Amino acid sequence: MCTAKFKFFTTMSKFGELINAPVPVLIDFYTEWNEQSVSMHPVIRDVAAALGDKAKVIKIDVDKNQELADALRIKGLPTLMIYKSGQMIWRQSGELDANTIIGLVQEQL
């Protein structure tokens, strides 16, 4: 069984540094009380495992990062974003399957 590499993000201070990575950064904004967010956990884990070191996969708990969520106008959950070199290049709220997400990230490699 492959161990997925993704980080849980808990502070706003490193967000700018995080999104300036030279590789694509997939961010999953979620909460533990939102059913769709919880159902995306295994999907995001699969995405992280499939992408390996080619991209970063980060999970951000909206409840613990309200200031960041407000700044990014996160309304629906889960909200997924892809950043590359500091620029948001894709954003969508709602559930997606792993293959769709992997394909979107791989377009940015």
Side-chain angles (χ1 to χ4, degrees):
M1 185 167 135
C2 182
T3 302
K5 291 182 182 179
F6 59 83
K7 296 179 183 177
F8 289 92
F9 183 81
T10 57
T11 62
M12 186 173 167
S13 60
K14 294 191 178 189
F15 187 74
E17 179 184 320
L18 174 74
I19 63 172
N20 279 312
V23 296
V25 180
L26 171 67
I27 303 174
D28 172 24
F29 289 91
Y30 74 99
T31 64
E32 289 300 336
W33 52 263
N34 178 273
E35 189 175 316
Q36 287 94 356
S37 290
V38 173
S39 70
M40 284 296 292
H41 289 338
V43 173
I44 297 300
R45 195 168 28 252
D46 291 347
V47 169
L51 293 171
D53 294 335
K54 296 177 189 168
K56 289 186 179 186
V57 179
I58 310 295
K59 296 178 69 62
I60 300 179
D61 187 332
V62 172
D63 289 336
K64 294 178 182 174
N65 296 278
Q66 195 61 54
E67 185 179 349
L68 177 61
D70 290 346
L72 294 172
R73 297 187 174 110
I74 305 295
K75 302 294 182 207
L77 293 172
T79 293
L80 302 172
M81 296 180 185
I82 299 173
Y83 281 85
K84 187 166 185 190
S85 301
Q87 298 294 316
M88 183 193 313
I89 52 177
W90 178 84
R91 174 180 177 151
Q92 182 170 322
S93 294
E95 296 178 79
L96 289 172
D97 65 272
N99 288 334
T100 299
I101 299 168
I102 292 165
L104 289 163
V105 174
Q106 285 179 333
E107 288 175 11
Q108 306 308 319
L109 295 176

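Quantities reported herein were computed from a predicted structural model and do not represent experimental measurements. Quick note: numbers below take in every heavy atom, side chains included, and nothing from hydrogens, waters or symmetry partners. Residues: numbered from 1 along the sequence shown.
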Under the criterion side chain to side chain contact (heavy atoms under 4.5 Å, CB included), I'd like the reasoning laid out for Val62 against Tyr30: C-alpha separation, chi angles, the key distance, then a yes or no. CA-CA 6 Å; Val62 172; Tyr30 74 99; over 6 Å; no
Might you work through the side chain to side chain contact (heavy atoms under 4.5 Å, CB included) test for Val105 and Trp90, ending with a clear yes or no? CA-CA 9 Å; Val105 174; Trp90 178 84; over 6 Å; no
Please walk me through it: do Arg91 and Ile74 pass side chain to side chain contact (heavy atoms under 4.5 Å, CB included)? CA-CA 10 Å; Arg91 174 180 177 151; Ile74 305 295; 3.8 Å; yes
Start with the C-alpha distance between Gln106 and Leu51, add both sets of side-chain angles, then the distance that settles side chain to side chain contact (heavy atoms under 4.5 Å, CB included), and finish with yes or no. CA-CA 8 Å; Gln106 285 179 333; Leu51 293 171; 4.1 Å; yes
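Taken together through direct or relayed side-chain contacts under 4.5 Å among Ile, Leu, Val, Met, Phe, Trp and Tyr, Val38 and Val57 form parts of separate hydrophobic clusters. A continuous path of hydrophobic side-chain contacts links Trp33 to Ile60 [ILVMFWY only; heavy atoms under 4.5 Å].
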What donor-acceptor contacts under 3.5 angstrom involve side-chain atoms of residues 92-103, with partners at least two apart or in another chain?
from: Ser93; atom 1: OG; to: Thr79; atom 2: OG1; distance (Å): 2.9
from: Glu95; atom 1: OE1; to: Ser39; atom 2: OG; distance (Å): 2.7
from: Asp97; atom 1: OD1; to: Thr100; atom 2: OG1; distance (Å): 2.7
from: Asp97; atom 1: OD2; to: Asn99; atom 2: N; distance (Å): 3.1
from: Asp97; atom 1: OD2; to: Thr100; atom 2: N; distance (Å): 3.0
from: Asp97; atom 1: OD2; to: Thr100; atom 2: OG1; distance (Å): 3.3

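Distance check: Ile89 CD1 to Ile19 CD1 gives 11.5 Å after rounding to the nearest 0.5 Å. To the nearest 0.5 Å, atom OG1 of residue Thr31 and atom NZ of residue Lys64 are 11.5 Å apart. Remark: Ile58 CD1 to Leu26 CG distance equals 8.5 Å, nearest 0.5 Å. Expressed to the nearest 0.5 Å, how far CG of Leu72 lies from CD of Glu67 amounts to 10.5 Å.
Listed here is the closest heavy atom pair of Phe29 and Leu77: O-CD2, 3.6 Å. When every heavy atom of Ile82 is checked against every heavy atom of Pro24, the shortest pair comes out as CG2-CB, 4.4 Å.
With sequence neighbours excluded, the residues satisfying ring-ring contact (aromatic ring centres under 6.0 Å, His included) with Tyr83 are Phe15.
The shortest side-chain heavy-atom distance between Ile44 and Leu80 falls under the 4.5 Å cut-off. In this structure the side chain of Ser37 never reaches within 4.5 angstrom of the side chain of Met40, judged on heavy atoms.
The salt bridge (Lys or Arg N to Asp or Glu O under 4.0 Å) contacts involving residues 22-31 comprise Asp28-Lys59, where partners must be two or more places apart or lie in separate chains.
Judged purely by atom type and a 3.5 angstrom limit, Asn65 has no side-chain atom pairing as donor or acceptor with the backbone of Leu68.
Checked options Lys84, Lys56, Lys54; the residue passing with Val23 is Lys56 (criterion: side-chain contact (heavy atoms from CB on, under 4.5 Å)).
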